[in-house]
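Okay, so here's the structure we're looking at.
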Amino acid sequence: MTYPIQLNLKAGKNKPFTSRKDTCPFCSPDKLTHILEKEPDLIWLMNKYPILTGTWPTVIIESLQHDMDLTDYSAEKLHSVITFGMNHWLDLSHSGRFKSVIYFRNHGPHSGGSLAHPHSQIMGLYNLDYRDNLTLSNFRGPVFFEQADCQCSISSLPIGNITEFNVMLKKDGHLSAFADCLQKLAQYLKNDFLMPVDSYNIFFYEMDHIYAKVFPRFTSSPLCLGYKITPVLEDSYINSILKTLRSPLYFGD
């Protein structure tokens, strides 16, 4: 069992929000501070508003274009973003500085993020291991795509969402193929999911393999919030999703 990370509201008092139409700080890269690494169109820096105690919070600004999204990236851009994030995440994870390190991405008004500008976050956790509340069963389910680099499935035992898509990076698998799967799933959610989707999350995990979860975001179920009971879709809906994902539109030949 893990214990809560404390929230420092004072530290986040002046945090900008897209929903309030605040000025986006990521659109003025010349004014950014505490930069850790910089590449063309990619900036890794410390989070200016560290609202969670016991963490080392950082942000990756993925693009200088405010209205871009991972679903819009060219193949070259997509691969550079995911490779950049994955390499820094894994380096920190194996550095010995933290008990664990999380890497995640928010998109859309219901995703939990404050800024619409395309970015992801890497956060070192000094006292918590995110894997304590997870099992490999959370990453298993009907497979809809598999090749030498990756396997994609729908979670039969999701962590906390009605539908969670798992992408497993196989041993010695190429990150480019892994990134392609993430983009296709995000595109599916925005364009062809069973319900309208304007928000999604991508979370990364280091378990027996490297995994990512891609899932749509809606108003959270009261069963999940109050009882940790995660409702899942009926089989007929799962079969409909599998049919679309296995079609040539996404993962089919």
With a 3.5 Å cut-off and sequence neighbours excluded, list the donor-acceptor pairs that the side chains of residues 25-37 form with protein atoms.
residue, atom, partner, partner atom, Å
E37, OE1, H88, NE2, 3.0

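- For R140, the salt bridge (Lys or Arg N to Asp or Glu O under 4.0 Å) partners are D208, not counting sequence neighbours.
- Partners of A75 according to the side chain to side chain contact (heavy atoms under 4.5 Å, CB included) rule, which considers only residues two or more places apart in sequence or in another chain, are H79.
- Within the structure, every pair that satisfies the salt bridge (charged side-chain N to carboxylate O under 4.0 Å, His left out) test and touches residues 170-195, not counting sequence neighbours, is listed here: D69-K190, E146-K170.
- Partners of V197 by side chain to side chain contact (heavy atoms under 4.5 Å, CB included), not counting sequence neighbours, listed by chain and number: L189, F193, P216, F218.
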Trace of the side chain to side chain donor-acceptor pair (under 3.5 Å) decision for K99 with N127 = CA-CA 6 Å; K99 193 162 186 179; N127 304 309; over 6 Å; no
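- In this structure Y126 satisfies the ring pair (Phe, Tyr, Trp, His ring centres under 6.0 Å) test together with F98, sequence neighbours excluded.
- With sequence neighbours left out, D41 forms a salt bridge (Lys or Arg N to Asp or Glu O under 4.0 Å) with K77.
- Listed by first then second residue, pairs satisfying ring-ring contact (aromatic ring centres under 6.0 Å, His included) with a partner in residues 231-253 read F144-F251, F145-F251, Y188-Y250, not counting sequence neighbours.
- Annotation: side chain to side chain contact (heavy atoms under 4.5 Å, CB included) contacts of T55 (sequence neighbours excluded): I5, L52, P57, M123, L125.
- Under the ring pair (Phe, Tyr, Trp, His ring centres under 6.0 Å) criterion, F178 pairs with no residue, sequence neighbours left out.
- Considering only residues two or more places apart in sequence or on other chains, S236 meets the side chain to side chain contact (heavy atoms under 4.5 Å, CB included) condition with E234.
- Y227 belongs to a hydrophobic cluster whose remaining members, ordered by chain and number, are L223, I229; membership requires side-chain heavy atoms of ILVMFWY residues under 4.5 Å apart, directly or through intermediates.
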